[in-house]
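Labels below follow one simple rule: chain letters A, B, ... track the order of the sequence lines, proteins then strands, and each chain is numbered from 1. Basis for what follows: all heavy atoms, side chains included, without hydrogens, waters or symmetry-related copies.
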Number of protein chains: 2
Amino acid sequence: MRLSTKGRYAVTAMMDLAMHYGQGPVTLADISEHQDISLSYLEQLFARLKKNNLVEGLRGPGGGYRLSRHPDAISVADVITAIGEGIDATLCEGSEDCQDGEQCLTHELWSRLGKEIYDFLNGITLASFLENGAANKSPEHSQDSMVVSMPALNKSCA
Amino acid sequence: MRLSTKGRYAVTAMMDLAMHYGQGPVTLADISEHQDISLSYLEQLFARLKKNNLVEGLRGPGGGYRLSRHPDAISVADVITAIGEGIDATLCEGSEDCQDGEQCLTHELWSRLGKEIYDFLNGITLASFLENGAANKSPEHSQDSMVVSMPALNKSCA
DNA sequence: TTAGTACCTGAGCAATTTACTAGGTATTTA
DNA sequence: TAAATACCTAGTAAATTGCTCAGGTACTAA
């Protein structure tokens with residue numbers, strides 16, 4: 001589990017897509033303008049996201065990206081792990097370095113903590129976060145005409 | 001809020017100290033051996049931890065480091081922010097770059113998510129995690145003769 | 001068919017972070 | 001004093017981050 005500005009870019013970009021879910025694809029150029037990220041950097045991020053089947057790309061005029069699943073079915077943990085792609089095997093894990101009990105113990109402790117963090121982030125879906133900003137575990141996965149509401153966020157930023 | 005292997009090292013090291021709380025200071029050499037981290041790297045980490053008043057250093061033979069507060073009063077978020085030290089002001093935040101509403105919106109979204117993650121990690125204290133691995137909010141802060149128990153973690157690592 | 005728009009690939013790069021090495025100084029205990 | 005330990009400074013190779021540039025490929029409207 002890793003959490004950096006890279007994951008932050010990815011999550012905010014995915015939220016951009018979630019907000020326009022059901023309204024046709026969103027171009028990377030739009031996201032680039034909205035979030036002030038370079039287009040090529042976004043392309044790199046979305047290559048990862050597409051590789052992990054979180055988004056679909058649609059070419060041609062009027063094309064862009066859209067979520068490949070319902071915002072209810074995409075968690076923040078999904079996005080971050082898709083970006084990180086195979087991180088967290090850092091220390092013993094292969095367990096050949098483990099000699100004494102105490103080392104195993106601290107590793108065990110961290111792996112438990114890491115799992116708790118993952119479970120927490122996995123409980124936050126794009127939809128649930130857009131709706132009320134809360135972590136909703138076990139979403140109902142309603143396949144209806146999803147309309148993402150965005151209440152009380154029109155305060156000025158300056 | 002940043003989460004990387006650096007924070008992982010710091011958290012496991014602090015857990016090492018929490019386990020020996022009330023049993024005299026622990027040397028960095030011991031932690032270095034237990035966790036297989038270089039001594040100087042630990043020194044850098046503990047310089048930050050000391051700067052943020054999470055640990056106390058005791059020089060001379062028989063010296064080492066110990067927690068400056070009760071394990072109940074130190075959260076995982078405390079450790080990670082002490083290591084990170086003033087990160088998360090990355091994008092607009094100074095808010096001069098914010099032109100349109102939508103950019104503010106995504107920033108608002110992320111800051112809310114970041115706060116949720118922080119609150120979650122802030123609910124996990126060293127003591128509560130050692131005891132049962134669960135996130136206990138609002139610990140009772142018992143100032144008694146803390147004995148950190150470590151049940152059911154003696155499985156072999158190989 | 002052709003221009004426009006989108007996605008894709010890969011190289012490269014400055015800045016930062018990571019994890020570590022080397023060498024000191026300061027302080028305390030025995 | 002001598003040993004143990006914290007503490008400090010500086011450097012550094014490797015990786016990561018965030019980004020740019022330069023070209024490609026695929027699709028669609030005209």
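Between B:Arg48 atom CZ and C:dA19 atom C1' the separation is 13 Å, expressed in whole Å. Atom P of nucleotide C:dA19 and atom CD1 of B:Ile83 are separated by 11 Å, given to the nearest angstrom. Remark: C1' of D:dT17 and NZ of B:Lys6 are 15 Å apart, rounded to the nearest angstrom. As rounded to whole Å, 16 Å separates atom C1' of C:dT17 from atom CD1 of B:Ile80. Note: CG (A:Leu45) to C1' (C:dC7) measures 15 Å, nearest angstrom. The distance from atom CZ of A:Arg66 to atom P of C:dC7 is 12 Å, rounded to the nearest whole Å.
For the OP1/OP2 pair of C:dA19 and a distance below 4.0 Å, the side-chain nitrogens and oxygens of B:Tyr41 include at least one atom meeting the criterion. For C:dA19, one of the phosphate oxygens OP1 or OP2 lies less than 4.0 angstrom from a side-chain nitrogen or oxygen of B:Thr5.
By the side chain to side chain contact (heavy atoms under 4.5 Å, CB included) test, A:Glu56 pairs with A:Arg66, A:Ser68, sequence neighbours left out. Partners of B:Arg69 by salt bridge (charged side-chain N to carboxylate O under 4.0 Å, His left out), not counting sequence neighbours, listed by chain and number: B:Asp78. In terms of the side chain to side chain donor-acceptor pair (under 3.5 Å) criterion, B:Glu43 has no residue partners (sequence neighbours excluded). Partners of A:Lys115 under the salt bridge (charged side-chain N to carboxylate O under 4.0 Å, His left out) rule, at least two apart in sequence or in another chain, are A:Asp119. Applying the side chain to side chain donor-acceptor pair (under 3.5 Å) criterion to B:Ser32, with sequence neighbours excluded, gives no partner residue.
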Under 3.5 Å between N/O atoms: give me all the protein pairs with nucleotides 5-10 of chain D, atom names plus distance.
{"from": "D:dA6", "atom 1": "OP1", "to": "B:Leu28", "atom 2": "N", "distance (Å)": "3.2"}
{"from": "D:dC7", "atom 1": "OP1", "to": "B:Lys50", "atom 2": "NZ", "distance (Å)": "2.8"}
{"from": "D:dC7", "atom 1": "OP2", "to": "B:Tyr65", "atom 2": "OH", "distance (Å)": "2.2"}
{"from": "D:dC7", "atom 1": "N4", "to": "B:Glu43", "atom 2": "OE2", "distance (Å)": "2.8"}
{"from": "D:dC8", "atom 1": "N4", "to": "B:Glu43", "atom 2": "OE1", "distance (Å)": "3.1"}

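Inter-residue side-chain proximity for A:Leu45 and A:Tyr9 is flagged as met; some heavy-atom pair is nearer than 4.5 Å.
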